[in-house]
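First listed ligand is number 1; within each ligand, the first listed atom is number 1.
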Amino acid sequence: MMERLMHRAAQPRPKAVGILALELYFPSQKVLMTDMEAADGCPGKYTVGLGQEAMAFCSDREDAVSQALTAAAALMDKYGVGPWEIGHLQVATESGLDRSKSIKSHLMALFSPAAPAASTAPAAPAAPQPPPPQPSAQPASCQTNAPTPTNPTSPASASPATGAAATPSSTGAAARPPPTSWGPPAEGADVVHACFGGTAALLAAAAWVESSRWDGRLAMVVCADVALYAPGSAARATGGCGAAAMLVGPDAPLVLDPLWYGTHGQHAYDFYKPLGSLPYPTVDGALTLSQYLGSVGHCAVQLAQRLQAAGELQPGEGLLPHVCAFVGHAPLNKLLRKGLGRLALMDELRRREAVAAAAAAAAVAGTAAAVAGQAVGAAAGAAKDTRLLTPAGPQRQEAAEAEVKAEEGGESREGAALEGGAAGEWAQEWVQEQHQGHPSHSHALAPHLVPRLELDLGGLDEFLPRPSAGTTTVPMAAGSGGGCSVGPAAAAAAAAAAAAEWRLSDKSLEGALVEGTAALWQELGEDAAWLQRQLGNSYTASVWQGLASLVWRRGDAGLAGRRLLLFSFGSGTLAALLGFVARGCSAGSSSSNGSSSSAAASNVKDGSSGCHGNGDGAKQLPVAGGGNGDGPAFLDPGPRDPRFTLESIQRVLDLDARLAARVVRSVADFNGVAAQVEASYRCPLPYTPVGDLAAVGRGVYYLAAVDELGRRRYERK
Ligand SMILES: CC(=O)CC(=O)SCCNC(=O)CCNC(=O)[C@H](O)C(C)(C)COP(=O)(O)OP(=O)(O)OC[C@H]1O[C@@H](n2cnc3c(N)ncnc32)[C@H](O)[C@@H]1OP(=O)(O)O
């Protein structure tokens, strides 16, 4: 037994684990924000103030279960993936309908070896138990029905599942033949943590693929939610709904970079769903916003520290010049823009810290040589790569002078020692593997994106290092006044935490950051936010809708070889900044920077590669970062399964057509449908949904009935 385990441990581990395939589902109906503004008498508030265009909504025919079923089934259809290929299934939601029975258990109907499910009817019932007590008053829109037959097959469920939402094998690839025996993906379960659940599920799926328990199959992650807020509440216009399904496995076109990972967790009652008979959350709107933006800061600090410990980021170097896109959880578009502004602020803080630390060290050493060397080196690196928020006045002058001096002195940051630090040896291995032996990845990758910005950052200097070593006075969080004396390590941690939340409630700084990063937003944020603006919030699925939007708009040519930064947030609070590296088939990114590698070229002559269609069989390497010339090359041949490439994801998404097919409903219609959904939470059993089936597209799962024992039956149209 031990030998067998050791043998498995010695086998090569899966590489480049990440997202292989991505599919979305959003319902066919939407309400326009301009119409909601007119109805609420607040022109401009939802379109300009929140930055939204439209909100997707659904009737009581659809819920988190039906949407999860639709997205998962459509993914398998369109990518030609057989149920036997999936060995692990995670589901994320915050719109659960049952406190015990998981959504995953409903999805298992798709993995029956006997037959794929067109209907998810419950099996023959056990001896009926007395139904739980129900509210005596039956809402006007409730409809009772006769007890549901035990194993019904409706005409709809017998029809093939095709249509707008699910076109079988859109990638043109057939599912691999089933093995003689296979088991359903029993591993994995529902994950609940507000909107962060999808990311937690994705990380768990990736961890399974990377673990010694991996059986060689793929993992699937499904995120589904309905965001509906109480009528008349400030949050009403920030609803939405939808689902995302992803396949996770090795040799992915969107690789989860284990180094690019910064997290934050905190207890807060900003948004939650206490037990009750309504679908609405309890929201402290202002607190949700500060939790979100504070989490951006905390995650950025953590991520930068991790990268610096692994030698991937120099002191003073910012995160944003290393990424080609920013994708975020999007309750409202304006918040995403503020999030990007906050990231830019964190980069600026790092830059100033490095300048101040070097100056403090030089002051302590008291030598002119130290001033010329360390201070100038750090300042120059920072000034060169992180000009997101160019300081005003004397500091700007100082930074500019330092940059010039460094360039004159031929300072090279490539020579910086690689620190193992907390990231440890595995991190260095990853760096070596991915970056062809270049330990540092510190080129200014996207300096052309960096805007000049005049900002009053008064008070920021309080956070910067002082010449004295040892005991330090740590400034407290914004506006709190005095500080306290602590040791250096604790001081550093406290200063980092305080910096992450620096002037969080300052609306004028917030506005200035949004304005100052307007051009950066167009470059990094707009492509991902494009879809989210048109759908509204769909909680766990939101951030993956952003990723889909980015792939749809940029495709292989605009993403291959580049890194994107994804911010996931869930109230309560958990958050993460994650880096993905896009691996493509096109030579676009490499031809723009002129880099190639014969070693990598020989790797792709393998006929099984998903990236062999570029003429001479010798694929040019994509390059990390913005592709402006001198970034280190990734040493891999790109995705290997032709079903799973950036191009196939883009083709499957087909977002223009799907968005165009949606139907605009009036605010009155939306309110009527939402009232039915609310009523369905209080209806006695058995219950038949009242929502119009004509609004359910072909290939879409819907709720057919709820029986007298509360068992829900879904069918596919
Ligand atoms: C829910 C999750 O998914 C988890 C999270 O991420 S939590 C983070 C986001 N929180 C939520 O989505 C909670 C649900 N939503 C809400 O509670 C509320 O919609 C909200 C708190 C986001 C806003 O509610 P509000 O108090 O009515 O908004 P209010 O602050 O008055 O106006 C919003 C913006 O529109 C602007 N605005 C207001 N009226 C305007 C008008 N007529 N024209 C143009 N702009 C206008 C305001 O100036 C404000 O802009 P800034 O924030 O940039 O200053």
What is the nearest protein non-hydrogen atom to [atom], stated with its residue, atom name and distance?
{"atom": "atom 44 (C) of ligand 1", "value": "Gly44 O, 3.3 Å"}
{"atom": "atom 54 (O) of ligand 1", "value": "Lys507 NZ, 3.4 Å"}
{"atom": "atom 22 (C) of ligand 1", "value": "Leu332 CD2, 3.6 Å"}
{"atom": "atom 4 (C) of ligand 1", "value": "Ser571 OG, 3.4 Å"}
{"atom": "atom 10 (N) of ligand 1", "value": "Thr288 OG1, 2.8 Å"}
{"atom": "atom 24 (O) of ligand 1", "value": "Ala234 CB, 3.9 Å"}
{"atom": "atom 33 (C) of ligand 1", "value": "Leu50 CD2, 3.8 Å"}
{"atom": "atom 2 (C) of ligand 1", "value": "Cys195 SG, 3.4 Å"}

Any donor-acceptor pair under 3.5 Å from [X] side chain to [Y] backbone:
{"X": "Asp40", "Y": "Cys42", "answer": "no"}
{"X": "Lys338", "Y": "Glu510", "answer": "no"}
{"X": "Lys104", "Y": "Gly188", "answer": "yes"}

At a 4.0 Å threshold, what atoms of ligand 1 neighbour a non-hydrogen atom of [X]?
{"X": "Leu335", "answer": "8 (C), 9 (C)"}
{"X": "Tyr539", "answer": "1 (C), 3 (O)"}
{"X": "Leu289", "answer": "9 (C)"}
{"X": "Lys334", "answer": "50 (O), 51 (P), 53 (O)"}
{"X": "Val283", "answer": "13 (C), 17 (O)"}

Can an N or O of [X] be found at a distance shorter than 3.5 Å from an N or O of ligand 1?
{"X": "His329", "value": "yes"}
{"X": "Tyr229", "value": "no"}
{"X": "Glu510", "value": "no"}

Counting only heavy atoms on the protein side, is anything nearer than 4.0 Å to [atom]?
{"atom": "atom 48 (O) of ligand 1", "answer": "no"}
{"atom": "atom 14 (C) of ligand 1", "answer": "yes"}
{"atom": "atom 27 (O) of ligand 1", "answer": "yes"}

Evaluate side chain to side chain contact (heavy atoms under 4.5 Å, CB included) for Asp98 paired with Val65, printing each intermediate quantity in order. CA-CA 10 Å; Asp98 191 296; Val65 177; over 6 Å; no
Which bit of Pro43 gets closer than 4.0 Å to ligand 1, counting heavy atoms only: side chain, backbone, both or neither?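 Answer for Pro43: backbone.
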Begin from the C-alpha positions of Ser508 and Asp506 and carry the test side-chain hydrogen bond (donor to acceptor under 3.5 Å, both in side chains) through to its verdict. CA-CA 6 Å; Ser508 66; Asp506 183 340; 2.7 Å; yes
Report yes or no: do Ser538 and Asp225 form a side-chain donor-acceptor pair below 3.5 Å? no
Which residue is it: Gln266, Gln291, His298? I am looking for the one with a side-chain hydrogen bond (donor to acceptor under 3.5 Å, both in side chains) to Thr573. Gln291
Please indicate whether Tyr269 has more than 12 foreign heavy atoms, meaning atoms of other residues, nucleotides or ligands, lying under 6.0 Å from its OH.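 No, not enclosed.
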Could Glu53 and Arg533 be called an ion pair, given the rule that one side-chain N must be under 4.0 Å from one carboxylate O? yes
Holding to ring-ring contact (aromatic ring centres under 6.0 Å, His included), I want the full list of residues that pass it with Phe567, two or more places apart in sequence or in another chain.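 In terms of ring-ring contact (aromatic ring centres under 6.0 Å, His included), with neighbours along the sequence ignored, Phe567 is linked to Tyr292.
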Given Arg236 and Phe670, is the side chain to side chain contact (heavy atoms under 4.5 Å, CB included) satisfied, shown in steps? CA-CA 11 Å; Arg236 182 73 159 183; Phe670 162 67; 3.6 Å; yes
Looking at Tyr261, I'd like to know if the NZ or CZ of Arg306 sits under 6.0 Å from its six-membered ring centre while staying within 45 degrees of the ring's axis. no
Minimum distance, heavy atoms only, to atom 39 (N) of ligand 1: which one of Lys45, Glu94, Arg236, Gln291 is it? Lys45
Just verifying a value: how many Å separate Leu293 CG and Leu343 CG, rounded to the nearest 0.5 Å?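 Leu293 atom CG to Leu343 atom CG measures 10.0 Å (nearest 0.5 Å).
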